[in-house]
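This report concerns only the one structure given below.
Index from 1, following the sequence.
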Amino acid sequence: MSIPSFGVGTFRLQGQVVIDSVRNALDVGYRAVDTAQIYENEAEVGQAVEASGIARADLFLTTKIWVPNYGRAKLVPSLKDSLAKLRTDYVDLTLIHWPAPGNGVAIAEMMAGLMDAREQGLTRQIGISNFPIAETREAIAAVGKDAIATNQIELSPYLQNAALVDFLNQQGIPVTSYMTLAYGKVLKDPVIGQIAQRHNATPAQVALAWALQRGFAVIPSSTRRENLASNLLARDLRLTDADMAQIAALERNGREVSPEGLAAAWD
């Protein structure tokens, strides 16, 4: 089973804000929604999804397990709690949110817990998030590369993560890009702006199209319906080889997210 190339993210969105964002996203054509236990918005996401009236089979829901629930005995019960909040019997994808080295749970045990959840029908697919190469190797050793549906990592024109992306491509593990717009910083980039002008597109569409053309799935978020709709048009934007080369040159290791205690050593 493949994961959708375009979904809506819900990081940092709470309460009525996330309800409205998901409702608007589904209204304008999104069918994949990404959330996480630590976002504390699974219940609101579930409310918006249920109110949409869209058949569950037509939706792709992703959630992520948070650190206190990594132990094998805790992972499945925590996911059942997430399912209750999301008002569904299963999610399509469940990820380990961060490797969190030193948290007391080995990666092999986390992955075993995910496999338990999959075997019980609580999740259709499993994967990892924010895993560098060494930790991804541990996950592969635990469950095999074919069991890992994606590694969801921070990727933007300013952080292109070449070594990790190359490794994932070699292993055949699909990449999901989050923070593709670098908290909006790339929207002000003059190179991105020039490319956008040439294509009669928005800077956001250019950055998202860049990621899609690299073969990444994307999960941008927005609280504005018009931006949600506009972002979707990135699927129809084809950048030239020259455009892609210009964006490749923007790499500056511009990492936005690296929480102490959660992130392992980056490649």
Given the rule that I, L, V, M, F, W and Y join up when any side-chain heavy atoms are under 4.5 Å apart, are [X] and [Y] in one cluster?
X      : Y      : result
Val33  : Val17  : yes
Leu239 : Val218 : yes
Leu114 : Ile173 : yes
Leu159 : Trp98  : no
Val22  : Ile3   : no

Cationic tip of Arg124 within the cone over Phe60's six-membered ring, i.e. under 6.0 Å and within 45° of the normal?
-> no

Do any N or O atoms from the side chain of [X] and from the backbone of [Y] form a donor-acceptor pair under 3.5 angstrom?
X      : Y      : value
Glu251 : Asn253 : yes
Thr176 : Ala217 : no
Asp81  : Ser78  : no
Thr123 : Thr94  : yes
Thr10  : Asp34  : yes
Gln152 : Gly127 : no
Gln205 : Thr202 : yes
Glu154 : Val257 : yes
Gln125 : Leu93  : no
Asp267 : Leu164 : no

Between the side chains of [X] and [Y], is a donor N or O closer than 3.5 angstrom to an acceptor N or O?
X      : Y      : answer
Asp189 : Tyr158 : yes
Asn130 : Tyr178 : yes
Ser230 : Asn227 : no
Ser82  : Thr63  : no
Thr35  : Glu42  : no

Side chain to side chain contact (heavy atoms under 4.5 Å, CB included) assessment of Ile140 paired with Arg137 | CA-CA 5 Å; Ile140 291 170; Arg137 288 189 188 278; 5.5 Å; no

Salt-bridge present (Arg225, Asp20; N to O < 4.0 Å) |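 No, Arg225 and Asp20 are not salt-bridged.
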
Between Asp243 and Arg198, does at least one N-O distance fall below 4.0 Å, as a salt bridge requires?
->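 Between Arg198 and Asp243 there is a salt bridge, with a charged N closer than 4.0 Å to a carboxylate O.
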
[X] vs [Y] side-chain heavy atoms within contact, under 4.5 Å:
X      : Y      : value
Ile128 : Met111 : yes
Ile219 : Tyr30  : no
Met244 : Arg214 : yes
Leu26  : Leu59  : yes
Trp66  : Leu262 : yes
Gln160 : Val165 : no
Thr150 : Leu95  : yes
Arg235 : Leu212 : yes

Rounded distance [0.5 Å steps], CD1 in Ile96 versus OG in Ser129 | 10.0 Å

Tell me, with the steps shown, if Asp116 and Leu75 meet side chain to side chain contact (heavy atoms under 4.5 Å, CB included).
-> CA-CA 9 Å; Asp116 292 342; Leu75 193 148; over 6 Å; no

Could you label the plane-to-plane angle of the Phe11 and Tyr39 rings as parallel, tilted or perpendicular, counting under 30° as parallel and over 60° as perpendicular?
->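 The rings of Phe11 and Tyr39 sit tilted, inter-plane angle from 30° to 60°.
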
Please report, to 0.1 Å, the donor-acceptor pairs under 3.5 Å made by any side chain of residues 45-52, with sequence neighbours excluded.
unit_1 : atom_1 : unit_2 : atom_2 : d
Glu50  : OE1    : Arg87  : NH1    : 2.5
Ser52  : OG     : Val49  : O      : 2.6
Ser52  : OG     : Ile54  : N      : 3.2

Residue among Val186, Val206, Leu181 satisfying side chain to side chain contact (heavy atoms under 4.5 Å, CB included) with Pro157 =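 Among Val186, Val206, Leu181, the one meeting side chain to side chain contact (heavy atoms under 4.5 Å, CB included) with Pro157 is Val186.
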
Kindly determine whether Lys80 and Leu122 satisfy side chain to side chain contact (heavy atoms under 4.5 Å, CB included), including the steps that lead there.
-> CA-CA 7 Å; Lys80 288 180 177 177; Leu122 305 176; 4.0 Å; yes

Asp92 and salt bridge (Lys or Arg N to Asp or Glu O under 4.0 Å): which partner among Arg56, Arg31, Arg118?
-> Arg56

Trace of the side chain to side chain contact (heavy atoms under 4.5 Å, CB included) decision for Leu155 with Thr180 = CA-CA 5 Å; Leu155 275 170; Thr180 315; 5.8 Å; no

